[in-house]
Protein chains: 2
Amino acid sequence: MAHRPQNKVLQETASIDRDSFEPAYAQLAGILRQSMADGLLRPGDQLPSEAQLVERYGVSPMTVRRAINILADQGVVVAEQGRGTFVKPVAMSAATFQLGQLENLFGNREGTTVQLLEARIIAADERVARKLAIREGKRTIYIRRLLWNSGEPAFYHREYLVYDPTRPIVEAELEVTALQQLFSGSSESLLKHGEISIDATLLDEEESRLLKATQPMAAFCFEHLFYDFDDRPVSWGWFIGRADRLRFTTQVGLLLG
Amino acid sequence: MAHRPQNKVLQETASIDRDSFEPAYAQLAGILRQSMADGLLRPGDQLPSEAQLVERYGVSPMTVRRAINILADQGVVVAEQGRGTFVKPVAMSAATFQLGQLENLFGNREGTTVQLLEARIIAADERVARKLAIREGKRTIYIRRLLWNSGEPAFYHREYLVYDPTRPIVEAELEVTALQQLFSGSSESLLKHGEISIDATLLDEEESRLLKATQPMAAFCFEHLFYDFDDRPVSWGWFIGRADRLRFTTQVGLLLG
DNA sequence: GTTATACACTTATATAGGGAAGTTTGAAAG
DNA sequence: CTTTCAAACTTCCCTATATAAGTGTATAAC
């Protein structure tokens with residue numbers, strides 16, 4: 001439909017395919033990423049200016065901006081106003097680990113079950129009271145669960161919930177399926193936000209027995225603290241899983257070709 | 001400067017400040033995030049359509065799109081074409097941990113030093129040869145380092161490098177400061193990408209001694225494998241740090257107001 | 001009653017253009 | 001030679017508009 005303007009400079013790189021299902025901005029982002037993967041653009045190098053990219057690939061400025069924004073969001077380039085856009089060097093500190101990669105272990109698939117070991121009401125000791133921001137001695141629900149995955153114990157979960165009949169969170173949490181909702185989220189969630197931390201620990205005697213581990217053994221401990229929409233703590237607990245059964249990997253630099 | 005158009009519908013929420021340094025798209029993203037934090041928008045709720053947001057806040061469609069894209073990238077909303085944009089429930093699986101939060105421990109600041117324990121050329125055994133994709137028995141550089149942070153040993157680092165005089169990476173790596181570049185990145189980096197994984201382990205006798213730890217003690221192990229621009233492995237190694245000195249935390253849900 | 005179509009709604013993609021802000025460069029003035 | 005300043009270049013931000021594509025609903029035809 002549109003005339004193809006005659007470019008004096010031949011494009012040694014790929015060009016935008018207007019008939020492709022992939023949007024132009026995504027194609028351009030891919031081309032630039034490929035240039036980096038091929039070594040045409042090395043860390044520290046300056047990318048062609050936006051105006052140059054507009055002319056070279058025959059797209060509008062907004063499309064170029066969007067492509068560059070994507071790369072900037074992904075952290076592979078950095079744009080400095082007035083200077084230019086540059087390729088970022090790979091750095092270990094840029095590594096990000098997603099808890100979601102352990103999703104299947106937490107019972108998202110078939111073959112995973114939740115075994116309720118214990119659920120009772122106990123008074124909050126000093127430690128629990130501080131975490132849940134309640135008075136010492138107030139009632140909490142203490143839950144112990146074991147998550148099984150393909151016939152093997154995957155995680156041992158302990159959790160304290162504030163016991164408040166006016167809050168409907170209690171019922172929802174007591175369902176055995178609630179654990180998956182905790183991990184994967186559900187629309188009816190009454191949780192607003194939470195803090196999660198990873199720790200490396202040693203299994204104690206009880207944990208070793210439940211997880212069928214030999215002592216001493218290292219383990220990951222995922223501690224979580226969730227809040228409701230009034231920013232009051234609701235749930236404090238931790239998942240413990242054997243380190244030799246967990247693999248936590250990520251990539252830095254160029255993700256894919 | 002611009003006339004303020006008379007809106008029939010009063011804005012109960014905040015409005016865009018055109019004189020602010022903060023861009024309009026960022027302000028709008030903040031307003032929407034605040035609405036979720038205040039509970040006006042609950043998980044599962046549908047956001048106002050883009051056209052409505054355009055009218056309500058007096059910005060262009062592109063600005064609205066960008067604001068929504070930011071929220072979508074952050075994972076707090078999800079946009080479905082033809083249906084609408086919806087608030088995502090909080091999920092543990094959405095948690096992401098950034099290695100960069102340990103940056104100061106890795107020697108980015110003053111008061112951190114790198115102690116070279118050993119650096120010699122050894123023949124690759126079967127395990128090293130497989131990781132570095134070289135023949136068994138080929139020469140590698142084996143480095144052992146101890147990272148000190150404010151007078152205390154923070155990490156014990158061991159690393160194998162391919163010994164190839166044709167590759168300039170060797171010299172650069174042998175500098176004691178190279179470690180920080182490995183972590184934070186530098187423009188002269190010859191590394192294209194890498195894989196990093198976290199493991200939880202027990203300190204062995206040597207590690208305990210160097211890290212001044214009592215046995216048995218749990219530790220984090222950050223294993224890294226870096227490749228050059230020809231996709232050949234260059235460096236394989238791992239950092240080991242005491243778990244009781246490391247804190248690895250993140251947030252899910254609404255990050256900040 | 002069932003099916004098919006049309007329409008209204010949504011988000012997604014793209015174009016064209018303009019101005020603001022920071023950086024670099026080099027020429028002019030001292 | 002040094003300083004000053006203006007211009008060019010860069011990225012950044014925003015507006016206005018148009019088209020495409022997916023979804024759901026109401027209506028018309030059968």
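Below, read A as the first sequence line, B as the second, and so on, with proteins coming before strands; counting in each chain starts at 1.
One distance of note links CG of A/L47 with CE of A/M36; it measures 6.0 Å at 0.5 Å rounding. In this structure, CD on B/Q115 lies 14.5 Å from NE2 on B/H157, to the nearest 0.5 angstrom. Taking OG of B/S15 as the reference point, atom CG of B/L28 lies at 11.0 Å (rounded to 0.5 Å). Going from atom SG of B/C221 over to atom CD1 of B/I198 covers 10.0 Å, rounded to the nearest 0.5 Å. The CG atom of A/L40 lies 9.5 Å from the CG atom of A/D45; values are rounded to the nearest 0.5 Å.
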Do B/R33 and B/Q74 pass the side chain to side chain donor-acceptor pair (under 3.5 Å) test, and can you show the C-alpha distance, the side-chain angles, and the key distance before you say yes or no?
CA-CA 11 Å; B/R33 197 160 31 218; B/Q74 293 178 350; 2.7 Å; yes
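Heavy-atom contacts of chain A under 4.0 Å fall on DNA chain C between two terminal nucleotides, which in 5' to 3' order are C/dT13 to C/dT24. Contact footprint of chain A on DNA chain D: nucleotides with an atom under 4.0 Å from a non-hydrogen protein atom, first to last in 5' to 3' order, D/dT10 to D/dC14.
Nearest-nucleotide mapping onto DNA chain C: of A/P23 and B/P48, the residue sitting toward the 5' end is B/P48. Along DNA chain C, the nucleotide nearest B/E80 and the nucleotide nearest A/P61 are compared for position; the residue whose nucleotide lies closer to the 5' end is B/E80. The residue among A/A79 and B/V59 whose nearest nucleotide of DNA chain D lies closer to the 5′ end is A/A79.
The distance between the ring centers of B/F226 and B/H224 falls below 6.0 angstrom.
Residue A/R66 is classed as a sugar-phosphate contact, given heavy-atom separations below 4.0 Å to backbone atoms only.
Both the sub-6.0 Å distance and the 45° axial angle are not jointly satisfied by A/R232 relative to the ring of A/Y227.
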